[in-house]
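Notes for the one structure printed next.
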Number of protein chains: 2
Amino acid sequence: MKNNIKALRKELGLRQEDMANTLGVTRQTINAIENEKYNPTLELAMKLARLLNTTIEELFILDL
Amino acid sequence: MKNNIKALRKELGLRQEDMANTLGVTRQTINAIENEKYNPTLELAMKLARLLNTTIEELFILDL
DNA sequence: TATGAATGTAAATAGAATTTGACATTAAAT
DNA sequence: ATTTAATGTCAAATTCTATTTACATTCATA
């Protein structure tokens, strides 16, 4: 499961902490998802996609 | 978080147990997701969407 | 090169997803 | 009306996600 959160995040000029605050999670959670430490829940992933003005399918790539 | 898994599943003539088997989870997990008992992980949600020939965005509706 | 801001990371813990096993309910068909 | 398949549900145990706290590392810039 890869993703391009970091690229999209930087396009918007946001820090991990900014995203964490607006999504109501911690900075470490955002960091862990960006660096593919684990799979987020669907709801958090959808909020992430919405914040980054994109879709789940464009944000996350299920490698299989 | 609503979804239309049941409708799409029946269009394909699949049972909950069929989906569970192909996705490598238990029937109870499929049932719980269909009946909105909890949010699945992103990976499972993506596999579900792929199995049902649709996208996350069309399968799940984040009510907010 | 030194300083601060942003990011990476780790361990412990809490909390939620999923499994297991079992039983109840519904739907379909005989 | 019976039987069987399919679905709904529940409790306990397990696995994994997510939080918290804390410290290390990278990166930019003075």
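A note on names: the letters A, B, ... follow the listed sequences, proteins ahead of strands, and every chain is numbered from 1.
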query = Can you check side chain to side chain contact (heavy atoms under 4.5 Å, CB included) on A:N39 and A:F60, steps first, answer last?
reply = CA-CA 10 Å; A:N39 300 114; A:F60 295 92; over 6 Å; no
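- Comparing B:A32 and B:T41, the nucleotide of DNA chain D nearest to each residue sits closer to the 5' end for B:A32.
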task = Just do the side chain to side chain contact (heavy atoms under 4.5 Å, CB included) check on A:E34 and A:N31 with the steps written out, would you?
result = CA-CA 5 Å; A:E34 268 192 10; A:N31 184 285; 5.5 Å; no
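- OP1 and OP2 of D:dT7 both lie 4.0 Å or more from every side-chain N or O belonging to B:N31.
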Steps toward side chain to side chain contact (heavy atoms under 4.5 Å, CB included) verdict (B:N4, B:L59) = CA-CA 6 Å; B:N4 24 55; B:L59 195 53; 3.9 Å; yes
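- Bracketed by its first and final contacts, the part of DNA chain C lying under 4.0 Å from non-hydrogen atoms of chain B reaches from C:dA17 to C:dA22 in 5' to 3' order.
- Between D:dA6 and B:R9, no contact under 4.0 Å exists linking OP1 or OP2 to a side-chain N or O.
- At least one donor-acceptor pair under 3.5 Å links the side chain of B:E57 to the backbone N or O of A:I56.
- No contact: A:K10 has no heavy atom under 4.0 Å from any strand.
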Give me the distances for all protein-to-nucleotides 21-23 of chain D N/O pairs that come in under 3.5 Å?
| residue | atom | partner | partner atom | Å |
| --- | --- | --- | --- | --- |
| D:dT21 | O4 | A:Q28 | NE2 | 2.8 |
| D:dA22 | N6 | A:Q28 | NE2 | 2.7 |

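- Taking atom OH of A:Y38 as the reference point, atom C1' of D:dA18 lies 5 Å away to the nearest angstrom.
- Looking at A:T29 and A:L23, their side chains never come closer than 4.5 Å, going by heavy atoms from C-beta outward.
- The side-chain heavy atoms of A:E36 and A:K2, taken from C-beta on, include a pair separated by under 4.5 Å.
- With hydrogens and angles ignored, the 3.5 Å screen pairs a side-chain donor or acceptor of B:R9 with a backbone N or O of B:L14.
- A:E34 places its CD atom 17 Å from the P atom of D:dT26, with the value rounded to the nearest Å.
- Cluster membership for A:L42 and A:I61, using ILVMFWY side-chain heavy atoms within less than 4.5 angstrom, is not shared.
- Distance, A:I33 CD1 to D:dC16 C1': 14 Å, rounded to whole Å.
- For A:Q16 and D:dC27, the CD to P distance is 13 Å, given to the nearest whole Å.
- Rounded to whole angstrom, the span from the CG atom of A:N21 across to the P atom of D:dT19 amounts to 12 Å.
- Taking 4.5 Å as the limit, some side-chain heavy atom of A:K6 sits within range of a side-chain heavy atom of A:K10.
- Atom pair A:K47:NZ and D:dA18:P shows a separation of 12 Å (rounding to whole Å applied).
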